[in-house]
Amino acid sequence: MAMGCVMAEALTLLVPSLSQINASPYKLAVILDFLSGSCAEFKAREEELRYLRAIHAKNVAEAQDARIQQKRYLNLAAQRQLKGYLNLESEVSQ
């Protein structure tokens with residue numbers, strides 16, 4: 001899972017350059033954007049578990065940090081999945 005996430009996050013930056021060699025980057029971009037968005041969601045779930053462990057241990061500072069990090073990952077996931085959706089629309093309209 002981690003290797004797939006790293007690959008998707010790294011290749012997401014490379015895909016737009018394919019349009020310079022007359023290849024449509026949208027098909028690959030859709031997959032990579034959704035995959036990297038899913039990876040951010042996975043990290044958000046890990047932070048939620050950290051939050052629950054901290055609440056159970058009555059560690060308020062750790063719980064707050066985990067919740068803040070969870071919200072950041074969810075925001076990142078939403079941005080990546082929106083980008084994937086917009087790439088999907090671009091591919092379908094061509």
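The figures that follow rest on heavy atoms only: side chains count, while hydrogens, waters and symmetry mates do not. In this text, all values refer to a predicted model and were calculated from it rather than measured experimentally.
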- [ ] Drop me the distance from F34's CZ to N87's CG, to the nearest 0.5 angstrom.
- [x] 8.5 Å
Open item on the list: To the closest 0.5 Å, what do you measure between CD (Q64) and OH (Y51)?
Closed with: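 The distance works out to 9.5 Å.
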TODO: Step by step, work out the side-chain hydrogen bond (donor to acceptor under 3.5 Å, both in side chains) result for E89 and Y85.
DONE: CA-CA 6 Å; E89 281 186 332; Y85 175 76; 3.1 Å; yes
TODO: Check the pair E47 / R50 against side-chain contact (heavy atoms from CB on, under 4.5 Å), numbers first and verdict last.
DONE: CA-CA 5 Å; E47 291 300 322; R50 184 170 72 115; 2.7 Å; yes
- [ ] Check the side chains of Q70 and E46 for a donor-acceptor pair under 3.5 angstrom, ignoring hydrogens and angles.
- [x]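 The answer is no; no qualifying pair exists.
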- [ ] Find out whether R45 and L49 are in side-chain contact, i.e. whether some heavy atom of one side chain is under 4.5 Å from a heavy atom of the other.
- [x]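 In short, these two side chains do not touch, never coming nearer than 4.5 Å.
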TODO: Check the pair E41 / Q81 against side-chain contact (heavy atoms from CB on, under 4.5 Å), numbers first and verdict last.
DONE: CA-CA 10 Å; E41 275 189 68; Q81 290 175 351; 2.6 Å; yes
Task: Shortest non-hydrogen separation from A77 to G37 and the atoms involved - done: CB-O, 3.4 Å
- [ ] Heavy atoms only: give me the nearest L88-V30 pair and the separation to one decimal.
- [x]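 Nearest heavy atoms, L88 then V30: N-CG2, 3.3 Å.
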- [ ] Please answer whether the main-chain N or O of D33 pairs with a side-chain N or O of R80 as donor and acceptor at a distance below 3.5 Å.
- [x] no
